[in-house]
Amino acid sequence: MKEKLHACVIGAGLMGHGIAQVFAQAGHKVTICDPDAAILEVAPQRVAHNLEQMGISPGAVLANIFLTQDLKSAAADADIVIEAIPERLELKQKLFAEIAEYAPEHAILASNTSVIPITSIGELLSDDARARLVGTHWWNPPHLVPLVEVVRTEYTSEAVFESTFQLLLSLGKSPVKVYRDVPGFIGNRLQHAMWREAISLVAQGVCDAETVDTVVKQSFGMRLPFLGPMENADLVGLTLAKQVHQVIFPDLCNDTQPNRLLDQLLEHGHEGMRSGQGLRAWTQEQADEVRKQLALRLIDSVKHPAS
Ligand code: NAI
């Protein structure tokens, strides 16, 4: 792969601007494309704010970032195109059909979808383009969270799968390979298995939402950076793991639809921090403080990684 790449990031929102930042920080040229002029315009300011929070002077990084509303010119000489537009299948399918038309024949085509199978996103593509389509699932905030899940479909070529993985390594990320294109990949399946149970505990009146957060943060959440679930199972021993599962598995939530509690909250406009009420109540100051503390703590753990 070339030393200096041209990366094209489609979507300048929460994820797109941060993904672009990572490429620009590594010295690559990045074009960010978004049809919304207002969102596009503030992307460099958001990148500058992130960098300043990290104690990095933004000048050299911002010099690598270019903005456009025009997809055709954005993709025209891209080595990799990363899509970070809203989580709607038909939008992504249509976008990739256009990207495949505009991008060079060697370009890697990557989607940052959270949970949609990459195979479905590539349904409108030719065999050649499908072989270059791969999932790159970054985590918010992408400039700070190290993991990127690299997802292959049955059509993804080995060369694209491997070179995407190597590229992310070279950017300083911690990529992992996901060999089967299952909805939600690895991280979101694990995360939402826990959210399903957490919301169910609140809906059943076992505890309130704040208590769920306290339990996680004051117990196994503290260990997670140092002890993954597989390590933990081996640490306590598989005999105990099996005994625990025999007792609690029959009682765990196994709903196949979102909990009714979410509908009830949403019907009242309780969207979360944005509206001041979700599973918990939020003032603007509290919401801002959560976001600020999250960024500062993540910056600290990037500086002092657990392993
Ligand atoms: P966002 O809403 O902040 O940004 C999406 C951007 O895409 C907007 O600026 C919008 O103007 C733009 N857009 C819409 N249609 C477009 C089109 N046809 N062409 C180009 N740009 C278009 O969304 P966010 O949170 O950045 O999410 C983007 C993707 O990343 C979604 O698939 C999401 O599921 C995924 N993701 C989100 C994470 C999160 O924590 N928010 C984490 C990991 C993945």
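In listed order, ligands and their atoms are each counted from 1. Remember, it's a predicted structure, so these values are computed and weren't measured experimentally. Only heavy atoms go into these numbers, but all of them, side chains included; no hydrogens, no water, no symmetry mates.
Closest to atom 31 (C) of ligand 1 by heavy atom, among V148, N112, I85, is I85. Distances from atom 10 (C) of ligand 1 to the heavy atoms of I10, D34, D36 put D34 nearest.
When distances from atom 2 (O) of ligand 1 to the protein are checked, no heavy atom turns up under 4.0 Å. Of the protein's heavy atoms, none falls inside 4.0 Å of atom 23 (O) of ligand 1.
Within the listing of ligand 1, atoms 5 (C), 7 (O), 13 (N), 14 (C), 15 (N) sit less than 4.0 angstrom from a heavy atom of P86. Which parts of ligand 1 touch T113 is read off a 4.0 Å heavy-atom cut-off, strictly below it: atoms 32 (O).
Annotation: C33 places no N or O atom under 3.5 Å from an N or O atom of ligand 1; distance criterion only. When only interatomic distances are considered, the shortest N/O to N/O separation between E87 and ligand 1 falls below 3.5 Å. When only interatomic distances are considered, the shortest N/O to N/O separation between K92 and ligand 1 falls below 3.5 Å. For the pair H137 and ligand 1, the shortest N or O to N or O distance does not fall below 3.5 Å. An N or O contact shorter than 3.5 Å is missing between G16 and ligand 1 by distance.
The shortest side-chain heavy-atom distance between V30 and C8 does not fall under the 4.5 Å cut-off.
The pair R130-D127 meets the salt-bridge criterion, with a side-chain N (NZ, NE, NH1 or NH2) lying under 4.0 Å from an Asp/Glu carboxylate O. Looking at D213 and R280, a side-chain N of the basic residue comes within less than 4.0 Å of a carboxylate O on the acidic one, giving a salt bridge. Under the 4.0 Å criterion applied to side-chain N and carboxylate O atoms, E162 and K177 are assigned as salt-bridge partners. By the 4.0 Å N-to-carboxylate-O rule, K94 lies too far from E90 to be salt-bridged with it.
The protein atom (non-hydrogen) at minimum distance from atom 21 (N) of ligand 1 is P35 CD, 3.1 Å. At the shortest separation from atom 25 (O) of ligand 1 among protein heavy atoms lies L14 CB, 3.7 Å. From the protein, the heavy atom lying nearest to atom 4 (O) of ligand 1 is G13 CA, 3.4 Å. Counting protein heavy atoms only, atom 40 (O) of ligand 1 is closest to N140 CB, 3.2 Å. Closest protein heavy atom to atom 33 (C) of ligand 1: S114 OG, 3.5 Å. Protein heavy atom in closest approach to atom 26 (O) of ligand 1: M15 N, 2.8 Å. Atom 5 (C) of ligand 1 has A84 O, 3.6 Å as its closest protein atom, hydrogens excluded (heavy atom only). Among protein heavy atoms, the minimum distance from atom 43 (C) of ligand 1 is reached at W138 O, 3.1 Å.
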side-chain contact (heavy atoms from CB on, under 4.5 Å), that's the test. Do M54 and H143 meet it? Break it down for me. CA-CA 10 Å; M54 295 163 81; H143 62 288; 3.7 Å; yes
Should E154 and T119 be marked as a side chain to side chain donor-acceptor pair (under 3.5 Å) after you check the CA-CA gap, both sets of side-chain angles, and the distance that decides it? CA-CA 8 Å; E154 63 177 291; T119 311; 6.0 Å; no
For F161 and I108: C-alpha separation, side-chain torsions, deciding distance, then whether side-chain contact (heavy atoms from CB on, under 4.5 Å) applies. CA-CA 9 Å; F161 190 46; I108 293 172; over 6 Å; no
Could you check L71 against L95 for side-chain contact (heavy atoms from CB on, under 4.5 Å), going step by step and ending with a plain yes or no? CA-CA 9 Å; L71 181 65; L95 180 73; 3.7 Å; yes
Under the side-chain contact (heavy atoms from CB on, under 4.5 Å) criterion, do N64 and K29 qualify, and how do the steps go? CA-CA 5 Å; N64 290 332; K29 176 185 168 188; 5.6 Å; no
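Within 6.0 Å of CG on D300 lie more than 12 heavy atoms contributed by other residues, nucleotides or ligands. Crowding of E3 atom CD: a count of heavy atoms from other residues, nucleotides or ligands under 6.0 Å not exceeding 12.
With a 4.0 Å heavy-atom cut-off, ligand 1 is reached by no atom of K94.
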Please tabulate, for the side chains in residues 218-228, all donor-acceptor contacts under 3.5 angstrom to protein atoms that are two or more places apart in sequence or on a different chain.
{"residue": "S219", "atom": "OG", "partner": "V215", "partner atom": "O", "Å": "2.4"}

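Within the structure, the closest approach of W139 to ligand 1 does not fall below 4.0 Å when heavy atoms are considered.
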